[in-house]
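Input: a single structure, listed below in structure tokens.
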2 protein chains.
Amino acid sequence: MPTDQDYLSQLQDYYADHRALPSLASLGQLVGLRSKSSAAALANRLKLAGYLTTTPDRRLAPTEAFFARPVVDTVRAGLPQPANDAGFDGLAIDSYLVARPSRTVLLVVKGDSMVEAGLMEGDHIIVDRAQPAAMGDIVVAIVDNEFTVKYLAKDKRGIFLKPGNPAYPPIRPQGELEIYGVVTGSFRKYR
Amino acid sequence: MPTDQDYLSQLQDYYADHRALPSLASLGQLVGLRSKSSAAALANRLKLAGYLTTTPDRRLAPTEAFFARPVVDTVRAGLPQPANDAGFDGLAIDSYLVARPSRTVLLVVKGDSMVEAGLMEGDHIIVDRAQPAAMGDIVVAIVDNEFTVKYLAKDKRGIFLKPGNPAYPPIRPQGELEIYGVVTGSFRKYR
DNA sequence: AAGCTTATAGAACGTTCGTTCGATTGCTCG
DNA sequence: CGAGCAATCGAACGAACGTTCTATAAGCTT
């Protein structure tokens with residue numbers, strides 16, 4: 001007899017295929033329940049368990065937990081890795097990194113002026129164009145018609161751009177400092 | 001007058017909020033179209049453009065392109081830069097980072113032993129458990145029952161783990177070196 | 001200005017949705 | 001065996017769905 005976990009796995013597979021959840025009728029058909037009310041009961045159980053929600057128009061929608069994958073701890077646990085991996089859904093990364101897609105832009109890092117912040121040449125940074133910048137944030141500013149990624153800093157002489165690398169000097173804007181956006185994340189691919 | 005790109009942005013934000021797409025009626029209300037047929041026409045245009053599909057039960061579903069974020073060039077182009085403009089390269093973060101979902105696991109970096117590789121404490125790394133490790137790769141190995149992230153290296157004395165930080169010594173395995181997986185990417189969130 | 005094209009509105013349609021409720025099934029335990 | 005219970009079924013319901021069609025409004029062309 002299948003458990004709710006099994007059903008959840010099937011739903012996750014369905015989501016991986018279609019990037020959407022089925023209707024209750026289709027859900028029933030998918031997991032082998034013949035009546036819609038049974039499917040509704042299942043959906044309610046999964047809602048209770050925190051895997052599903054409903055959208056404003058009462059459709060099923062996954063929650064964060066629906067995508068959650070075991071983030072393995074650094075210290076190995078006694079047991080071997082839980083094998084219930086129904087498959088990692090990359091979307092978790094997407095929604096983790098990007099809060100407002102329409103205001104988000106990607107940029108590729110040039111140079112090593114932010115190595116202290118862990119930003120290396122070729123890294124992709126996630127830039128939120130709408131978020132207001134605060135002191136200490138990593139920002140994308142426009143200097144001499146070029147994008148530059150630096151810390152936003154302030155001292156008695158005013159606001160300036162501080163590189164995350166002692167080999168580079170701070171940049172003090174002539175007039176107004178034009179900030180393109182705030183860096184909210186970064187990612188990188190090896191190989 | 002809003003373009004289809006504007007509408008797409010609104011849909012992307014809706015998806016970021018609910019992890020599902022709205023019905024045609026809700027879509028119309030969302031973007032300010034008063035009739036369902038207009039919303040249907042919009043949906044068809046976005047389908048034609050490759051951003052949307054339909055599930056087996058005729059619901060709207062996003063495609064791969066739907067998740068792509070624009071990548072802007074480091075050098076600012078002459079024109080002011082709209083956040084969402086066709087013609088820029090798009091990149092879907094998740095599928096870029098995760099090639100084989102079912103064999104991929106996330107890990108959180110502890111310590112600073114790989115700073116040279118741009119891996120800082122708290123970063124998430126993407127680990128492919130199935131990929132064979134080659135020399136020079138960043139690997140997750142199991143040493144003293146703990147996960148450790150290091151370069152895989154080899155010299156005349158044999159295979160060893162090389163930290164990306166001169167403050168740490170190389171690790172030479174007693175017997176067999178147990179490799180958990182290969183690091184294929186990493187990501188990090190600021191703030 | 002008139003005529004044409006395109007986009008949107010609005011209404012009608014049969015279908016499918018999610019919900020509800022009583023009937024039925026299958027299992028447990030005395 | 002048979003009563004009790006929980007899960008599932010199956011049918012019914014109004015609401016909402018996506019589709020289709022025609023009418024209206026807005027833009028262009030000439």
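It should be emphasised that the depicted structure is a prediction, and the values quoted were computed from it without experimental measurement. Sequence lines set the chain letters: A, B, ... in the order given, protein chains first and strands last, and positions in each chain run from 1. In what follows, every heavy atom counts, from backbone to side chain, and hydrogens, waters and symmetry copies are set aside.
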Dump every N/O contact between nucleotides 15-20 of chain C and the protein below 3.5 Å, one line per pair.
from: C:dC17; atom 1: OP1; to: A:Ser23; atom 2: OG; distance (Å): 2.7
from: C:dC17; atom 1: O3'; to: B:Arg59; atom 2: NH2; distance (Å): 3.4
from: C:dG18; atom 1: OP1; to: B:Arg59; atom 2: NH2; distance (Å): 3.1
from: C:dG18; atom 1: OP2; to: A:Leu24; atom 2: N; distance (Å): 2.7
from: C:dG18; atom 1: N7; to: A:Lys36; atom 2: NZ; distance (Å): 2.7
from: C:dG18; atom 1: O6; to: A:Lys36; atom 2: NZ; distance (Å): 2.8

Pair A:Asp155-A:Arg172, salt bridge (Lys or Arg N to Asp or Glu O under 4.0 Å): steps then yes or no: CA-CA 11 Å; A:Asp155 62 8; A:Arg172 298 194 175 267; 2.7 Å; yes

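- We find that CG of A:Leu33 is positioned 6 Å from P of D:dT8, with the value rounded to whole Å.
- Residues forming a salt bridge (Lys or Arg N to Asp or Glu O under 4.0 Å) with A:Asp4 (at least two apart in sequence, or on another chain): A:Arg45.
- Put simply, NZ on B:Lys36 and CG on B:Leu42 are 15.0 Å apart, with the number rounded to the nearest 0.5 Å.
- When B:Val108, B:Val109, B:Leu97, B:Leu107 are each tested for a side-chain contact (heavy atoms from CB on, under 4.5 Å) with B:His124, only one passes: B:Val108.
- Residue B:Arg59 comes nearest to A:Leu21 through the heavy atom pair NH1-O, 3.6 Å, listed as atom of the first residue, atom of the second, then distance.
- Within the 4.0 Å cut-off from OP1 or OP2 of D:dT8, not a single side-chain nitrogen or oxygen of A:Ser38 is found.
- Residue B:Arg45 contributes atom CZ, which lies 13 Å from atom P of C:dT6 at whole-angstrom precision.
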